[in-house]
Amino acid sequence: MKKFVILHFHFLLAITTSNPSILMCYGLAVNIDTSANKNNKNPGTPPAALRKSIREGTFTSTTNGSCPGFIQCNLVVLRQKEAFDFLLFCQRNEQACPLIEVLEAGSYTPKTSTYSQADLRTDIPKYRIYRYGKLELEITDVTQYWPKDAVAFLIGCSFTTDAALIRAGIRLRTVEEKKNVPMYNTNIECHPAGKLKGNMVVSMKPIKALDIAKEVDVTSRFPHAHGAPVCVGCPASIGIEDVSKPDYGDAVDIKDDELPVFHACGVTPQNVLMASEVEFAITHSPGYMFVTDLSADEPPL
């Protein structure tokens with residue numbers, strides 16, 4: 001544990017944190033409590049029921065706010081020859097790519113993240129297909145595109161923290177307004193692996209200034225869902241010129257008493273796949289996740 005102090009106007013705050021890498025651009029101090037939350041009641045639609053409705057085409061929306069209390073995942077599917085480089089990339093960039101499960105080559109049925117029927121080819125509301133680094137199409141069923149030697153990676157998503165944030169009294173505008181989260185390309189370089197290289201993508205939440213410490217406190221408990229923010233305020237410091245114009249998702253207003261809070265995002269692999277001109281890949285469409293049966297409050301083994 002590392003201790004440091006930040007002087008903000010006339011206030012001297014002592015801070016103890018296991019993640020001092022957060023950019024405190026507004027001189028905001030946080031006290032991070034990494035203890036697990038044990039009050040998960042998992043209200044709302046069961047994940048198996050949501051996956052079934054997605055499979056049947058009756059649920060077509062983004063998944064933020066759905067199945068609160070369960071882990072949601074980004075998807076990356078590569079051919080086996082490129083899978084090792086991507087596995088290494090995830091290990092080297094854990095905040096952007098926290099692995100939840102890696103499937104056997106050719107498999108599309110998760111073994112450790114679901115306890116009931118699931119099919120990664122049909123159980124995400126919208127997918128993307130990339131060829132040689134270019135987005136080819138978006139589609140709702142990738143069964144016919146799934147390679148025989150496909151290796152699927154499930155990567156944690158910040159939607160996993162929604163229930164805990166709401167329980168803590170933090171309002172989430174995208175959930176309330178039924179919008180996709182805003183996501184941005186940044187100048188934060190990822191650690192390369194093999195031929196894979198590129199910059200981090202971040203998501204953004206507008207959070208009341210007086211709730212920033214609470215937001216960091218809550219999200220730091222979820223390293224499997226990108227953990228604490230990479231930047232609080234100062235979007236220009238991470239290469240974002242106009243926060244009102246996201247590269248992915250929907251724009252949301254930032255009110256006078258709020259600051260933009262940026263978290264590493266599981267769309268990072270898509271940015272990397274494009275920068276690296278990977279021959280073929282299937283991913284989720286930003287904001288449209290795979291919902292697992294795993295409790296959000298308990299990191300996967």
Practice task
Any chance you could measure Ile188, atom CD1, to Asn199, atom CG, to the nearest 0.5 Å?
Solution key: 8.5 Å

Exercise for the section: List for me each residue that meets salt bridge (Lys or Arg N to Asp or Glu O under 4.0 Å) alongside Glu176, sequence neighbours excluded, and say none if there are none. Expected result: Arg171

Practice task
Rounded to the nearest 0.5 Å, what's the gap from CD1 on Ile240 to SG on Cys234? Could you check?
Solution key: 11.0 Å

Handout entry: Hydrophobic cluster identity match, Leu165 and Val232, side-chain contacts under 4.5 Å
Key = yes

Exercise for the section: Could you grab the distance from atom OG of Ser158 to atom CE of Met183, nearest 0.5 Å is fine? Expected result: 8.5 Å

Handout entry: Residues forming a ring-ring contact (aromatic ring centres under 6.0 Å, His included) with Phe290, sequence neighbours excluded
Key = none

Practice task
Report yes or no: does His226 contribute a side-chain atom to a donor-acceptor pair with the main-chain N or O of Pro98 at less than 3.5 Å?
Solution key: no

Exercise for the section: Treat each ILVMFWY residue as a node, draw an edge where side-chain heavy atoms are under 4.5 Å apart, and state whether Val102 and Ile282 are in one component. Expected result: no

Problem - Close side-chain approach of Leu99 to Leu154, heavy-atom, < 4.5 Å - result: no

Fill in the blank from the handout: Between the CZ atom in Phe153 and the CG atom in Leu120, the distance rounded to the nearest 0.5 Å is 12.5 Å

Exercise for the section: Check whether any side-chain heavy atom of Val278 sits under 4.5 Å from a side-chain heavy atom of Leu196, and report yes or no. Expected result: yes

Exercise for the section: Give the minimum heavy-atom separation between Leu103 and Val151, together with the two atoms involved. Expected result: O-CG1, 3.7 Å

Exercise for the section: Mark yes when over 12 heavy atoms from residues, nucleotides or ligands other than Tyr115 sit less than 6.0 Å from its OH; otherwise mark no. Expected result: yes

Fill in the blank from the handout: dist Thr219:OG1 -> Lys205:NZ (nearest 0.5 Å) comes out at 7.0 Å

Fill in the blank from the handout: Hits for side chain to side chain contact (heavy atoms under 4.5 Å, CB included) against Asn185, two or more places apart or cross-chain, chain-then-number order -> Val201, Asp247, Tyr248, Asn271

Handout entry: Gap between atom OG1 of Thr174 and atom CG of Asp162 - 0.5 Å precision
Key = 6.5 Å

Handout entry: Test side chain to side chain contact (heavy atoms under 4.5 Å, CB included) applied to Val291 and Leu50, Ile124, Thr114, Ile54, the passing residue
Key = Leu50

Handout entry: Residue pairs involving residues 143-152 (criterion side chain to side chain donor-acceptor pair (under 3.5 Å); sequence neighbours excluded)
Key = Asp141-Thr143

Practice task
Examine Tyr127 and Leu137 and state if one hydrophobic cluster contains both, with Ile, Leu, Val, Met, Phe, Trp and Tyr joined whenever side-chain heavy atoms are less than 4.5 Å apart.
Solution key: yes

Show me, pair by pair, the donor-acceptor contacts under 3.5 angstrom made by side chains of residues 72-88, not counting sequence neighbours?
residue	atom	partner	partner atom	Å
Gln72	OE1	Thr63	OG1	2.6
Gln72	NE2	Thr63	O	3.0
Gln72	NE2	Ser66	O	3.1
Asn74	OD1	His284	NE2	3.0
Asn74	ND2	Ile155	O	3.1
Asn74	ND2	Gly156	O	2.8
Lys81	NZ	Glu279	OE1	2.9
Glu82	OE2	Lys195	NZ	3.4

Practice task
List in chain and number order the residues that pass side chain to side chain contact (heavy atoms under 4.5 Å, CB included) with Glu138, two or more places apart in sequence or in another chain; answer none if no residue qualifies.
Solution key: Lys126, Arg128, Ser285

Exercise for the section: State whether the side chain of Asp257 and the backbone N or O of Lys208 hold a donor-acceptor pair below 3.5 Å, judged by distance alone. Expected result: no

Handout entry: Which atom of Phe262 lies closest to which atom of Pro235, heavy atoms considered
Key = CZ-CB, 3.7 Å

Exercise for the section: Provide the full list of salt bridge (Lys or Arg N to Asp or Glu O under 4.0 Å) pairs with a residue in residues 283-293, sequence neighbours left out, each pair given once. Expected result: Arg51-Asp293

Problem - Other residues, nucleotides, ligands: >12 heavy atoms within 6.0 Å of Glu104 CD - result: no

Completion exercise
Residues passing the side chain to side chain contact (heavy atoms under 4.5 Å, CB included) test with Pro206, sequence neighbours excluded, are Arg173, Met204, Val252, Ile254, Glu258

Practice task
Answer yes or no: are there more than 12 heavy-atom neighbours, outside Lys179 itself, under 6.0 Å from its atom NZ?
Solution key: yes

Handout entry: Path from Val202 to Val243 over hydrophobic side-chain contacts below 4.5 Å
Key = yes

Handout entry: Set of residues satisfying side-chain hydrogen bond (donor to acceptor under 3.5 Å, both in side chains) with respect to Gln91, sequence neighbours excluded
Key = none

Handout entry: Cluster overlap Ile166 with Val218, hydrophobic side-chain contacts below 4.5 Å
Key = yes

Handout entry: Test item: Asn93 side-chain N/O and His191 main-chain N/O as donor-acceptor pair under 3.5 Å
Key = yes

Problem - Any side-chain donor near an acceptor of the partner, Asn64 and Thr62, under 3.5 Å - result: yes

Handout entry: Thr112 backbone acceptor or donor facing Glu101 side chain under 3.5 Å
Key = yes

Practice task
Write down the atom of Ala296, the atom of Ile71, and the distance for their closest heavy-atom approach.
Solution key: CA-CG1, 3.7 Å

Practice task
Would you indicate whether Glu56, at its atom CD, is surrounded by more than 12 heavy atoms from other residues, nucleotides or ligands within a distance under 6.0 Å?
Solution key: yes

Practice task
Taking all heavy atoms of Phe280 and all of Ile129, pick out the closest pair and write down the distance.
Solution key: CE1-CG2, 3.8 Å

Exercise for the section: Taking side-chain hydrogen bond (donor to acceptor under 3.5 Å, both in side chains) as the test, write out the residues that go with Thr283, two or more places apart. Expected result: Gln270

Exercise for the section: Return yes if some donor-acceptor pair links the side-chain N/O of Ser276 with the main-chain N/O of Lys197 below 3.5 Å, else return no. Expected result: yes

Exercise for the section: For Asp253, enumerate each residue passing the side-chain hydrogen bond (donor to acceptor under 3.5 Å, both in side chains) test, keeping only those at least two apart in sequence or located in another chain. Expected result: none

Problem - Arg221 (side chain) donor-acceptor with Asp297 (main chain) under 3.5 angstrom - result: no

Exercise for the section: Over all heavy atoms of both residues, which pair between Ser113 and Pro110 is shortest? Give the atoms and the distance, please. Expected result: OG-CB, 3.4 Å

Fill in the blank from the handout: When every non-hydrogen atom of Pro246 is compared with those of Tyr184, the smallest separation belongs to CA-CE2, 3.4 Å

Handout entry: Any residue meeting side chain to side chain contact (heavy atoms under 4.5 Å, CB included) with Asp119, in chain and number order, not counting sequence neighbours
Key = Tyr108, Arg121, Thr122, Asp123

Practice task
For Thr58 and Ser53, indicate whether the former's side chain and the latter's backbone hold a donor-acceptor pair under 3.5 Å.
Solution key: yes

Handout entry: Donor-acceptor contact below 3.5 Å, side chain Gln95 vs main chain Ala264
Key = no

